[in-house]
Student: 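The structure is given below, and queries will be raised subsequently.
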Protein chains: 2
Amino acid sequence: MPSTKAKRSPGGRGAGRIRRERCAAILAAAEQEFAQHGFRGTSTQAIADGCGLAKAQVHYYFETKEVLYRALLAQILDAWNCPLNAVSAADEPYDVLSRYIEAKLRLSWQSPQRSRIFAAEVMRGAPVLRDFLLNEQQGWVTRFSAAIDGWIGQGKMRQLDPLQLIFMLWSVTQHYADYEAQVLLLMQRERLTEEDLVRVSAEVCEFFLRGCGIDMPVVKS
Amino acid sequence: MPSTKAKRSPGGRGAGRIRRERCAAILAAAEQEFAQHGFRGTSTQAIADGCGLAKAQVHYYFETKEVLYRALLAQILDAWNCPLNAVSAADEPYDVLSRYIEAKLRLSWQSPQRSRIFAAEVMRGAPVLRDFLLNEQQGWVTRFSAAIDGWIGQGKMRQLDPLQLIFMLWSVTQHYADYEAQVLLLMQRERLTEEDLVRVSAEVCEFFLRGCGIDMPVVKS
DNA sequence: GTCTATATGGGGATAGAC
DNA sequence: GTCTATCCCCATATAGAC
(Lines give C-alpha, C1' and ligand atoms only; values in the text may rest on other atoms or scores of the structure.)
Protein backbone atom coordinates (compact mmCIF):
# COMPACT_ATOMS: atom_id res chain seq x y z
CA MET A 1 0.00 0.00 0.00
CA PRO A 2 1.67 3.25 -1.11
CA SER A 3 2.09 6.17 1.31
CA THR A 4 -0.86 8.56 1.27
CA LYS A 5 1.21 11.58 2.31
CA ALA A 6 3.07 12.00 -1.00
CA LYS A 7 4.95 15.29 -0.96
CA ARG A 8 4.76 16.53 -4.52
CA SER A 9 1.38 16.57 -6.23
CA PRO A 10 0.44 20.23 -6.72
CA GLY A 11 -1.13 20.19 -10.14
CA GLY A 12 -2.74 16.80 -10.67
CA ARG A 13 -3.56 13.93 -8.32
CA GLY A 14 -0.19 12.42 -7.37
CA ALA A 15 1.32 9.41 -9.10
CA GLY A 16 0.12 9.56 -12.65
CA ARG A 17 0.39 13.25 -13.39
CA ILE A 18 3.55 13.41 -15.48
CA ARG A 19 2.52 10.15 -17.02
CA ARG A 20 -0.82 11.51 -18.17
CA GLU A 21 0.72 14.65 -19.61
CA ARG A 22 3.46 12.77 -21.43
CA CYS A 23 1.12 10.15 -22.80
CA ALA A 24 -1.24 12.80 -24.10
CA ALA A 25 1.63 14.70 -25.76
CA ILE A 26 2.98 11.51 -27.31
CA LEU A 27 -0.43 10.51 -28.66
CA ALA A 28 -0.92 13.97 -30.15
CA ALA A 29 2.45 13.85 -31.89
CA ALA A 30 1.82 10.27 -33.01
CA GLU A 31 -1.45 11.38 -34.59
CA GLN A 32 0.41 13.79 -36.86
CA GLU A 33 3.06 11.30 -37.90
CA PHE A 34 0.89 8.22 -38.41
CA ALA A 35 -1.59 10.31 -40.42
CA GLN A 36 1.14 11.37 -42.83
CA HIS A 37 3.24 8.24 -43.11
CA GLY A 38 1.23 5.29 -41.84
CA PHE A 39 2.36 2.67 -39.33
CA ARG A 40 5.55 1.47 -40.96
CA GLY A 41 6.52 4.86 -42.35
CA THR A 42 6.45 6.50 -38.95
CA SER A 43 9.55 6.47 -36.72
CA THR A 44 9.35 6.78 -32.96
CA GLN A 45 12.12 9.36 -33.34
CA ALA A 46 9.81 11.60 -35.38
CA ILE A 47 7.08 11.23 -32.74
CA ALA A 48 9.57 12.07 -30.00
CA ASP A 49 10.73 15.15 -31.90
CA GLY A 50 7.13 16.16 -32.43
CA CYS A 51 6.49 16.44 -28.69
CA GLY A 52 9.98 17.46 -27.56
CA LEU A 53 10.89 14.23 -25.82
CA ALA A 54 13.76 11.80 -26.22
CA LYS A 55 13.05 8.76 -28.35
CA ALA A 56 13.56 6.42 -25.40
CA GLN A 57 10.98 8.28 -23.34
CA VAL A 58 8.37 7.39 -25.91
CA HIS A 59 9.35 3.74 -25.51
CA TYR A 60 9.07 4.08 -21.73
CA TYR A 61 5.40 5.15 -21.87
CA PHE A 62 4.47 2.91 -24.79
CA GLU A 63 6.52 -0.28 -24.82
CA THR A 64 6.42 -0.75 -28.58
CA LYS A 65 5.41 1.28 -31.59
CA GLU A 66 2.48 -1.05 -32.14
CA VAL A 67 1.18 -0.56 -28.59
CA LEU A 68 1.24 3.20 -29.20
CA TYR A 69 -0.47 2.77 -32.55
CA ARG A 70 -3.22 0.60 -31.07
CA ALA A 71 -3.79 3.08 -28.25
CA LEU A 72 -4.15 5.85 -30.80
CA LEU A 73 -6.62 3.86 -32.89
CA ALA A 74 -8.69 3.08 -29.80
CA GLN A 75 -8.78 6.78 -28.93
CA ILE A 76 -9.90 7.64 -32.46
CA LEU A 77 -12.70 5.07 -32.53
CA ASP A 78 -13.86 6.36 -29.14
CA ALA A 79 -13.99 9.94 -30.34
CA TRP A 80 -15.97 8.87 -33.42
CA ASN A 81 -18.58 6.86 -31.56
CA CYS A 82 -20.17 9.70 -29.61
CA PRO A 83 -21.24 12.17 -32.33
CA LEU A 84 -22.20 9.46 -34.81
CA ASN A 85 -24.24 7.23 -32.54
CA ALA A 86 -26.20 10.21 -31.24
CA VAL A 87 -27.53 10.58 -34.76
CA SER A 88 -29.51 7.37 -35.06
CA ALA A 89 -32.12 8.55 -32.55
CA ALA A 90 -34.22 10.29 -35.19
CA ASP A 91 -36.67 8.32 -37.29
CA GLU A 92 -37.12 10.31 -40.46
CA PRO A 93 -34.60 9.57 -43.24
CA TYR A 94 -34.31 13.28 -43.92
CA ASP A 95 -33.17 13.96 -40.34
CA VAL A 96 -30.95 10.93 -40.00
CA LEU A 97 -29.09 11.44 -43.27
CA SER A 98 -28.59 15.19 -43.03
CA ARG A 99 -27.46 14.99 -39.41
CA TYR A 100 -25.14 12.09 -40.13
CA ILE A 101 -23.57 13.90 -43.08
CA GLU A 102 -23.08 17.06 -41.08
CA ALA A 103 -21.62 15.22 -38.10
CA LYS A 104 -19.25 13.25 -40.27
CA LEU A 105 -18.12 16.25 -42.28
CA ARG A 106 -17.52 18.10 -39.02
CA LEU A 107 -15.23 15.29 -37.91
CA SER A 108 -13.31 15.60 -41.16
CA TRP A 109 -12.97 19.33 -40.59
CA GLN A 110 -11.99 19.02 -36.93
CA SER A 111 -9.39 16.30 -37.13
CA PRO A 112 -8.64 15.15 -40.65
CA GLN A 113 -5.58 13.30 -39.36
CA ARG A 114 -7.77 10.78 -37.59
CA SER A 115 -9.57 9.90 -40.78
CA ARG A 116 -6.23 9.53 -42.54
CA ILE A 117 -4.91 7.15 -39.90
CA PHE A 118 -8.02 5.04 -40.34
CA ALA A 119 -7.63 5.19 -44.11
CA ALA A 120 -3.98 4.13 -43.99
CA GLU A 121 -4.87 1.25 -41.68
CA VAL A 122 -7.54 0.00 -44.09
CA MET A 123 -5.26 0.54 -47.07
CA ARG A 124 -2.68 -1.85 -45.65
CA GLY A 125 -5.36 -4.49 -45.15
CA ALA A 126 -6.60 -3.45 -41.69
CA PRO A 127 -4.46 -5.96 -39.74
CA VAL A 128 -5.20 -4.17 -36.47
CA LEU A 129 -8.78 -3.02 -37.12
CA ARG A 130 -9.96 -6.28 -38.67
CA ASP A 131 -11.77 -7.35 -35.50
CA PHE A 132 -13.40 -3.95 -35.08
CA LEU A 133 -14.63 -3.99 -38.67
CA LEU A 134 -16.01 -7.51 -38.36
CA ASN A 135 -17.76 -6.97 -35.04
CA GLU A 136 -18.83 -3.46 -34.13
CA GLN A 137 -18.79 -1.94 -37.61
CA GLN A 138 -20.53 -4.89 -39.22
CA GLY A 139 -23.23 -4.66 -36.57
CA TRP A 140 -23.72 -0.93 -37.08
CA VAL A 141 -23.97 -1.42 -40.84
CA THR A 142 -26.56 -4.17 -40.44
CA ARG A 143 -28.73 -2.00 -38.21
CA PHE A 144 -28.41 1.03 -40.47
CA SER A 145 -29.20 -1.08 -43.54
CA ALA A 146 -32.31 -2.41 -41.85
CA ALA A 147 -33.45 1.16 -41.14
CA ILE A 148 -32.91 2.11 -44.79
CA ASP A 149 -34.82 -0.93 -46.00
CA GLY A 150 -37.61 0.08 -43.63
CA TRP A 151 -37.76 3.57 -45.17
CA ILE A 152 -37.84 2.08 -48.63
CA GLY A 153 -40.70 -0.18 -47.60
CA GLN A 154 -42.60 2.84 -46.28
CA GLY A 155 -42.08 4.66 -49.56
CA LYS A 156 -40.00 7.36 -47.86
CA MET A 157 -37.13 6.88 -50.30
CA ARG A 158 -36.51 5.08 -53.56
CA GLN A 159 -35.22 1.55 -53.78
CA LEU A 160 -31.45 1.24 -53.57
CA ASP A 161 -28.77 -0.96 -52.03
CA PRO A 162 -28.33 0.26 -48.43
CA LEU A 163 -24.70 -0.83 -48.31
CA GLN A 164 -23.81 1.17 -51.42
CA LEU A 165 -25.48 4.22 -49.89
CA ILE A 166 -23.42 3.78 -46.72
CA PHE A 167 -20.23 3.52 -48.77
CA MET A 168 -21.13 6.73 -50.59
CA LEU A 169 -21.84 8.51 -47.31
CA TRP A 170 -18.50 7.44 -45.93
CA SER A 171 -16.47 8.14 -49.04
CA VAL A 172 -17.80 11.63 -49.67
CA THR A 173 -17.51 12.78 -46.07
CA GLN A 174 -14.06 11.33 -45.54
CA HIS A 175 -12.74 12.68 -48.82
CA TYR A 176 -12.27 16.16 -47.37
CA ALA A 177 -10.06 14.69 -44.67
CA ASP A 178 -8.15 12.01 -46.58
CA TYR A 179 -7.52 14.14 -49.68
CA GLU A 180 -7.29 17.44 -47.83
CA ALA A 181 -4.07 18.45 -49.62
CA GLN A 182 -5.72 18.04 -53.02
CA VAL A 183 -8.94 19.72 -51.86
CA LEU A 184 -7.05 22.74 -50.56
CA LEU A 185 -5.05 23.11 -53.76
CA LEU A 186 -8.10 22.88 -56.03
CA MET A 187 -10.24 25.11 -53.81
CA GLN A 188 -7.30 27.49 -53.66
CA ARG A 189 -7.46 27.76 -49.90
CA GLU A 190 -4.90 27.56 -47.12
CA ARG A 191 -7.30 25.84 -44.73
CA LEU A 192 -10.94 24.78 -44.59
CA THR A 193 -13.10 27.17 -42.58
CA GLU A 194 -16.38 26.83 -40.71
CA GLU A 195 -18.08 28.62 -43.61
CA ASP A 196 -16.72 26.02 -46.02
CA LEU A 197 -18.12 23.31 -43.76
CA VAL A 198 -21.59 24.86 -43.76
CA ARG A 199 -21.58 25.31 -47.53
CA VAL A 200 -20.25 21.85 -48.33
CA SER A 201 -22.56 20.28 -45.79
CA ALA A 202 -25.60 21.88 -47.43
CA GLU A 203 -24.44 20.86 -50.91
CA VAL A 204 -23.75 17.27 -49.93
CA CYS A 205 -27.00 16.94 -47.96
CA GLU A 206 -29.10 18.12 -50.86
CA PHE A 207 -27.22 15.86 -53.24
CA PHE A 208 -27.80 12.80 -51.10
CA LEU A 209 -31.46 13.53 -50.40
CA ARG A 210 -32.07 13.90 -54.14
CA GLY A 211 -29.96 10.84 -54.87
CA CYS A 212 -32.07 8.83 -52.42
CA GLY A 213 -35.32 10.28 -53.70
CA ILE A 214 -36.22 11.72 -50.28
CA ASP A 215 -38.68 14.59 -50.25
CA MET A 216 -37.18 17.66 -48.66
CA PRO A 217 -39.31 19.56 -46.14
CA VAL A 218 -40.27 23.12 -47.01
CA VAL A 219 -37.65 25.48 -45.65
CA LYS A 220 -38.75 28.26 -43.35
CA SER A 221 -37.12 31.59 -44.15
CA MET B 1 28.10 3.32 -83.10
CA PRO B 2 27.56 -0.14 -81.57
CA SER B 3 28.20 -3.32 -83.51
CA THR B 4 25.17 -4.45 -85.45
CA LYS B 5 26.12 -8.15 -85.30
CA ALA B 6 25.46 -8.63 -81.56
CA LYS B 7 25.42 -12.34 -80.76
CA ARG B 8 22.72 -12.69 -78.12
CA SER B 9 19.42 -11.00 -78.78
CA PRO B 10 16.88 -13.73 -79.47
CA GLY B 11 13.83 -12.47 -77.61
CA GLY B 12 13.90 -8.69 -77.63
CA ARG B 13 15.91 -6.14 -79.58
CA GLY B 14 19.42 -6.41 -78.15
CA ALA B 15 20.73 -4.18 -75.42
CA GLY B 16 17.76 -3.30 -73.25
CA ARG B 17 15.96 -6.60 -73.05
CA ILE B 18 16.89 -7.79 -69.59
CA ARG B 19 16.63 -4.22 -68.47
CA ARG B 20 13.07 -3.85 -69.68
CA GLU B 21 12.00 -7.11 -68.10
CA ARG B 22 13.63 -6.31 -64.76
CA CYS B 23 12.28 -2.78 -64.65
CA ALA B 24 8.78 -3.98 -65.35
CA ALA B 25 9.03 -6.65 -62.64
CA ILE B 26 10.39 -4.14 -60.14
CA LEU B 27 7.66 -1.62 -60.92
CA ALA B 28 5.00 -4.30 -60.49
CA ALA B 29 6.40 -5.36 -57.13
CA ALA B 30 6.80 -1.73 -56.08
CA GLU B 31 3.14 -1.13 -56.87
CA GLN B 32 2.11 -3.75 -54.32
CA GLU B 33 4.37 -2.47 -51.58
CA PHE B 34 3.85 1.27 -52.00
CA ALA B 35 0.09 0.72 -52.13
CA GLN B 36 0.13 -1.03 -48.77
CA HIS B 37 2.75 0.93 -46.87
CA GLY B 38 3.32 4.25 -48.61
CA PHE B 39 6.65 5.74 -49.61
CA ARG B 40 8.43 5.73 -46.26
CA GLY B 41 6.88 2.49 -45.08
CA THR B 42 8.14 0.57 -48.08
CA SER B 43 11.59 -1.02 -48.09
CA THR B 44 13.52 -1.77 -51.24
CA GLN B 45 14.14 -5.18 -49.70
CA ALA B 46 10.42 -5.94 -49.75
CA ILE B 47 10.21 -4.84 -53.38
CA ALA B 48 13.20 -7.03 -54.25
CA ASP B 49 11.60 -10.02 -52.51
CA GLY B 50 8.35 -9.32 -54.33
CA CYS B 51 9.98 -9.83 -57.72
CA GLY B 52 12.61 -12.39 -56.77
CA LEU B 53 15.61 -10.12 -57.18
CA ALA B 54 18.41 -9.13 -54.85
CA LYS B 55 17.96 -5.83 -53.10
CA ALA B 56 21.01 -4.35 -54.78
CA GLN B 57 19.64 -5.21 -58.21
CA VAL B 58 16.70 -2.92 -57.54
CA HIS B 59 19.15 -0.14 -56.79
CA TYR B 60 20.99 -0.85 -59.98
CA TYR B 61 17.94 -0.24 -62.17
CA PHE B 62 16.51 2.59 -60.05
CA GLU B 63 19.24 4.59 -58.37
CA THR B 64 17.20 5.59 -55.34
CA LYS B 65 13.89 4.63 -53.80
CA GLU B 66 12.49 8.02 -54.72
CA VAL B 67 13.45 7.62 -58.40
CA LEU B 68 11.58 4.31 -58.44
CA TYR B 69 8.61 5.89 -56.68
CA ARG B 70 8.46 8.78 -59.16
CA ALA B 71 8.68 6.40 -62.10
CA LEU B 72 5.79 4.43 -60.66
CA LEU B 73 3.66 7.54 -60.16
CA ALA B 74 4.35 8.66 -63.72
CA GLN B 75 3.26 5.26 -65.00
CA ILE B 76 0.07 5.45 -62.97
CA LEU B 77 -0.86 8.93 -64.16
CA ASP B 78 -0.24 7.79 -67.72
CA ALA B 79 -2.51 4.78 -67.36
CA TRP B 80 -5.24 7.00 -65.91
CA ASN B 81 -5.15 9.62 -68.62
CA CYS B 82 -6.29 7.46 -71.52
CA PRO B 83 -9.64 6.05 -70.34
CA LEU B 84 -10.64 9.22 -68.51
CA ASN B 85 -9.82 11.75 -71.20
CA ALA B 86 -11.64 9.71 -73.80
CA VAL B 87 -14.78 10.42 -71.82
CA SER B 88 -15.00 14.16 -72.28
CA ALA B 89 -15.82 13.83 -75.96
CA ALA B 90 -19.57 13.54 -75.35
CA ASP B 91 -21.72 16.60 -74.87
CA GLU B 92 -24.70 15.46 -72.85
CA PRO B 93 -24.27 15.47 -69.05
CA TYR B 94 -26.00 12.12 -68.87
CA ASP B 95 -23.40 10.53 -71.15
CA VAL B 96 -20.38 12.27 -69.69
CA LEU B 97 -21.22 11.52 -66.06
CA SER B 98 -22.28 7.91 -66.51
CA ARG B 99 -19.30 7.10 -68.72
CA TYR B 100 -16.90 8.84 -66.37
CA ILE B 101 -18.28 6.99 -63.36
CA GLU B 102 -18.07 3.67 -65.13
CA ALA B 103 -14.55 4.29 -66.40
CA LYS B 104 -13.34 5.39 -62.99
CA LEU B 105 -14.98 2.50 -61.15
CA ARG B 106 -13.42 0.13 -63.67
CA LEU B 107 -10.01 1.55 -62.83
CA SER B 108 -10.72 0.94 -59.14
CA TRP B 109 -11.68 -2.64 -59.93
CA GLN B 110 -8.73 -3.28 -62.24
CA SER B 111 -5.90 -1.87 -60.17
CA PRO B 112 -6.97 -0.66 -56.75
CA GLN B 113 -3.31 -0.44 -55.73
CA ARG B 114 -2.76 2.47 -58.06
CA SER B 115 -5.51 4.47 -56.44
CA ARG B 116 -4.05 3.66 -53.02
CA ILE B 117 -0.60 4.87 -54.03
CA PHE B 118 -2.14 8.11 -55.20
CA ALA B 119 -4.14 8.37 -51.97
CA ALA B 120 -1.09 7.78 -49.79
CA GLU B 121 0.84 10.40 -51.74
CA VAL B 122 -1.91 12.99 -51.20
CA MET B 123 -2.29 11.98 -47.55
CA ARG B 124 1.32 12.84 -46.85
CA GLY B 125 0.85 16.26 -48.43
CA ALA B 126 1.57 15.36 -52.06
CA PRO B 127 5.24 16.42 -52.00
CA VAL B 128 5.89 14.67 -55.31
CA LEU B 129 2.54 15.23 -57.04
CA ARG B 130 2.16 18.85 -56.02
CA ASP B 131 3.22 20.12 -59.45
CA PHE B 132 0.91 17.69 -61.24
CA LEU B 133 -2.04 18.74 -59.08
CA LEU B 134 -1.35 22.43 -59.63
CA ASN B 135 -0.86 22.20 -63.37
CA GLU B 136 -2.53 19.37 -65.23
CA GLN B 137 -5.16 18.46 -62.66
CA GLN B 138 -6.11 22.07 -61.97
CA GLY B 139 -6.54 22.62 -65.69
CA TRP B 140 -8.72 19.53 -66.10
CA VAL B 141 -10.89 20.63 -63.18
CA THR B 142 -11.33 24.10 -64.62
CA ARG B 143 -12.42 22.73 -67.98
CA PHE B 144 -14.78 20.20 -66.43
CA SER B 145 -16.26 22.86 -64.14
CA ALA B 146 -16.89 25.10 -67.12
CA ALA B 147 -18.75 22.27 -68.85
CA ILE B 148 -20.90 21.71 -65.77
CA ASP B 149 -21.69 25.41 -65.48
CA GLY B 150 -22.67 25.30 -69.13
CA TRP B 151 -25.10 22.45 -68.51
CA ILE B 152 -26.58 24.33 -65.56
CA GLY B 153 -27.04 27.40 -67.74
CA GLN B 154 -28.83 25.28 -70.35
CA GLY B 155 -31.14 23.89 -67.68
CA LYS B 156 -29.81 20.38 -68.19
CA MET B 157 -29.03 19.97 -64.50
CA ARG B 158 -29.78 21.79 -61.27
CA GLN B 159 -27.54 24.45 -59.86
CA LEU B 160 -24.65 23.14 -57.79
CA ASP B 161 -20.98 23.78 -57.12
CA PRO B 162 -19.06 21.98 -59.92
CA LEU B 163 -16.00 21.46 -57.73
CA GLN B 164 -18.03 19.72 -55.03
CA LEU B 165 -19.57 17.46 -57.65
CA ILE B 166 -16.11 16.56 -58.91
CA PHE B 167 -14.97 15.74 -55.38
CA MET B 168 -18.00 13.51 -54.92
CA LEU B 169 -17.30 11.73 -58.21
CA TRP B 170 -13.72 11.10 -57.20
CA SER B 171 -14.41 10.08 -53.64
CA VAL B 172 -17.17 7.58 -54.41
CA THR B 173 -15.34 5.92 -57.27
CA GLN B 174 -12.01 5.72 -55.47
CA HIS B 175 -13.57 4.42 -52.27
CA TYR B 176 -13.84 0.89 -53.64
CA ALA B 177 -10.10 0.91 -54.30
CA ASP B 178 -8.78 2.79 -51.28
CA TYR B 179 -11.05 1.07 -48.75
CA GLU B 180 -11.17 -2.27 -50.55
CA ALA B 181 -10.39 -4.24 -47.39
CA GLN B 182 -13.36 -2.70 -45.58
CA VAL B 183 -15.61 -3.04 -48.63
CA LEU B 184 -14.80 -6.73 -48.98
CA LEU B 185 -15.44 -7.44 -45.31
CA LEU B 186 -18.78 -5.64 -45.26
CA MET B 187 -19.90 -7.07 -48.60
CA GLN B 188 -18.74 -10.46 -47.33
CA ARG B 189 -16.78 -11.18 -50.47
CA GLU B 190 -13.29 -12.44 -51.16
CA ARG B 191 -12.85 -10.24 -54.21
CA LEU B 192 -14.86 -7.81 -56.31
CA THR B 193 -16.19 -9.36 -59.53
CA GLU B 194 -17.23 -7.97 -62.89
CA GLU B 195 -20.86 -8.44 -61.82
CA ASP B 196 -20.24 -6.30 -58.74
CA LEU B 197 -18.78 -3.63 -60.98
CA VAL B 198 -21.84 -3.60 -63.22
CA ARG B 199 -24.21 -3.46 -60.26
CA VAL B 200 -22.32 -0.78 -58.36
CA SER B 201 -21.81 1.23 -61.52
CA ALA B 202 -25.53 1.28 -62.21
CA GLU B 203 -26.34 2.21 -58.61
CA VAL B 204 -23.80 5.02 -58.48
CA CYS B 205 -24.77 6.37 -61.90
CA GLU B 206 -28.43 6.59 -60.98
CA PHE B 207 -27.57 8.18 -57.66
CA PHE B 208 -25.46 10.88 -59.27
CA LEU B 209 -27.90 11.63 -62.06
CA ARG B 210 -30.66 12.10 -59.49
CA GLY B 211 -28.35 14.08 -57.24
CA CYS B 212 -27.56 16.40 -60.13
CA GLY B 213 -31.18 16.64 -61.23
CA ILE B 214 -30.39 15.23 -64.67
CA ASP B 215 -33.29 13.66 -66.57
CA MET B 216 -32.59 10.04 -67.39
CA PRO B 217 -33.34 8.88 -70.92
CA VAL B 218 -36.04 6.23 -71.30
CA VAL B 219 -34.44 2.81 -71.22
CA LYS B 220 -35.05 0.51 -74.17
CA SER B 221 -36.18 -3.02 -73.21
C1' DG C 1 25.84 -4.24 -68.67
C1' DT C 2 24.73 -6.92 -64.65
C1' DC C 3 25.14 -8.60 -60.05
C1' DT C 4 27.55 -9.51 -55.32
C1' DA C 5 29.77 -7.95 -51.22
C1' DT C 6 30.12 -4.24 -48.21
C1' DA C 7 29.79 0.37 -45.84
C1' DT C 8 27.24 3.67 -43.18
C1' DG C 9 23.35 5.45 -40.91
C1' DG C 10 18.85 5.29 -38.63
C1' DG C 11 15.37 1.96 -36.94
C1' DG C 12 13.13 -0.08 -32.55
C1' DA C 13 13.99 -1.56 -28.17
C1' DT C 14 16.36 -2.17 -23.36
C1' DA C 15 19.59 -2.30 -19.30
C1' DG C 16 20.79 0.36 -16.02
C1' DA C 17 21.53 5.34 -13.96
C1' DC C 18 19.04 8.86 -11.47
C1' DG D 1 8.70 6.40 -11.48
C1' DT D 2 11.42 8.65 -14.94
C1' DC D 3 15.08 9.24 -18.12
C1' DT D 4 19.94 8.35 -20.35
C1' DA D 5 23.34 5.54 -22.60
C1' DT D 6 23.68 1.73 -25.37
C1' DC D 7 22.61 -2.42 -28.17
C1' DC D 8 21.69 -4.74 -32.36
C1' DC D 9 19.35 -5.00 -36.65
C1' DC D 10 17.62 -3.53 -40.88
C1' DA D 11 17.47 0.40 -44.05
C1' DT D 12 19.49 2.67 -48.19
C1' DA D 13 23.08 3.12 -51.16
C1' DT D 14 27.63 2.08 -53.44
C1' DA D 15 32.23 0.16 -54.74
C1' DG D 16 34.01 -3.25 -56.97
C1' DA D 17 33.70 -8.25 -58.99
C1' DC D 18 32.03 -10.72 -62.95
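Below, chain A is the first sequence line, B the second, and so on; all start at residue 1. Computed from a predicted structure; not experimentally measured.
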Student: Rounding to a whole Å, what distance do you find between B:Leu68:CG and D:dA13:C1'?
Tutor: 14 Å
Student: For the pair made of CZ in A:Phe62 and P in D:dT2, what is the distance, rounded to whole Å?
Tutor: 13 Å
Student: I want to check a possible cation-pi pair here: A:Arg19 against A:Tyr60, using under 6.0 Å from ring centre and within 45° of the ring axis as the test.
Tutor: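 A:Arg19 over A:Tyr60 ring: yes.
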Student: Would B:Lys65 and B:Glu33 pass as an ion pair if we require N to O under 4.0 Å?
Tutor: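 No, this pair does not count.
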Student: Which nucleotide sits closest to the side chain of A:Gln45: D:dA13, C:dG11, D:dC3?
Tutor: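 Nearest to the side chain of A:Gln45 among the choices is C:dG11.
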Student: Using whole Å, report how far CD of B:Gln57 lies from P of C:dA5.
Tutor: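 Nearest whole value for this atom pair: 12 Å.
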Student: Does B:Arg22 have a side-chain nitrogen or oxygen under 4.0 Å from the phosphate oxygens OP1 or OP2 of C:dC3?
Tutor: yes
Student: A:Arg19 side chain N/O closer than 4.0 Å to the phosphate oxygens (OP1, OP2) of D:dT2?
Tutor: yes
Student: Any idea which of D:dC3, D:dT4, C:dA13 is nearest the A:Ala56 side chain?
Tutor: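 Of the options given, the side chain of A:Ala56 lies nearest D:dT4.
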Student: Rounding to a whole Å, what distance do you find between B:Ile47:CD1 and D:dC10:C1'?
Tutor: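 Atom CD1 in B:Ile47 sits about 15 Å away from atom C1' in D:dC10.
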Student: Can you measure A:Lys55 atom NZ to C:dG11 atom P for me and round it to whole angstrom units?
Tutor: 7 Å
Student: Just say parallel, tilted or perpendicular for the rings of A:Trp170 and A:Phe167, cut-offs at 30° and 60°.
Tutor: tilted
Student: Between C:dA5, C:dG12, C:dG1, spot the one nearest the side chain of B:Tyr60, thanks.
Tutor: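 The answer is C:dG1, which lies nearest to the side chain.
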Student: Where the side chain of B:Lys65 is defined as all heavy atoms beyond and including C-beta, which of D:dC3, C:dG11, D:dA13 is the nearest nucleotide?
Tutor: D:dA13
Student: For B:His59 and D:dA13, is the shortest distance between a side-chain N/O and OP1 or OP2 below 4.0 Å?
Tutor: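 Affirmative; the distance criterion is met.
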Student: Name the closest nucleotide to the B:Ala54 side chain, picking from D:dC3, C:dT4, D:dT14.
Tutor: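 My answer, after comparing the listed nucleotides, is C:dT4.
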Student: Can you identify which nucleotide, out of D:dT2, C:dG11, C:dT2, has its nearest atom closest to the A:Tyr61 side chain?
Tutor: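 Of the options given, the side chain of A:Tyr61 lies nearest D:dT2.
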Student: Using distance alone, with no hydrogens and no angle criterion, decide if A:Tyr69 and A:Glu121 have a side-chain donor and acceptor under 3.5 Å apart.
Tutor: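 Per modelled atom types, A:Tyr69 and A:Glu121 side chains form a pair under 3.5 Å.
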Student: Take the protein atom CD of B:Glu21 and the nucleotide atom C1' of C:dT2, then report the distance between them rounded to whole Å.
Tutor: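 Value for this atom pair: 14 Å.
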Student: Round to the nearest Å and state the distance from B:Ile26 atom CD1 to C:dT2 atom P.
Tutor: 11 Å
Student: Over how many whole Å does the gap from A:His37 atom NE2 to C:dG12 atom P extend?
Tutor: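 To the nearest whole Å, that distance equals 13 Å.
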Student: So that I can tick it off, tell me whether B:Glu203 and B:Arg199 are bridged by a salt bridge, with the cut-off set at under 4.0 angstrom between side-chain N and carboxylate O.
Tutor: no
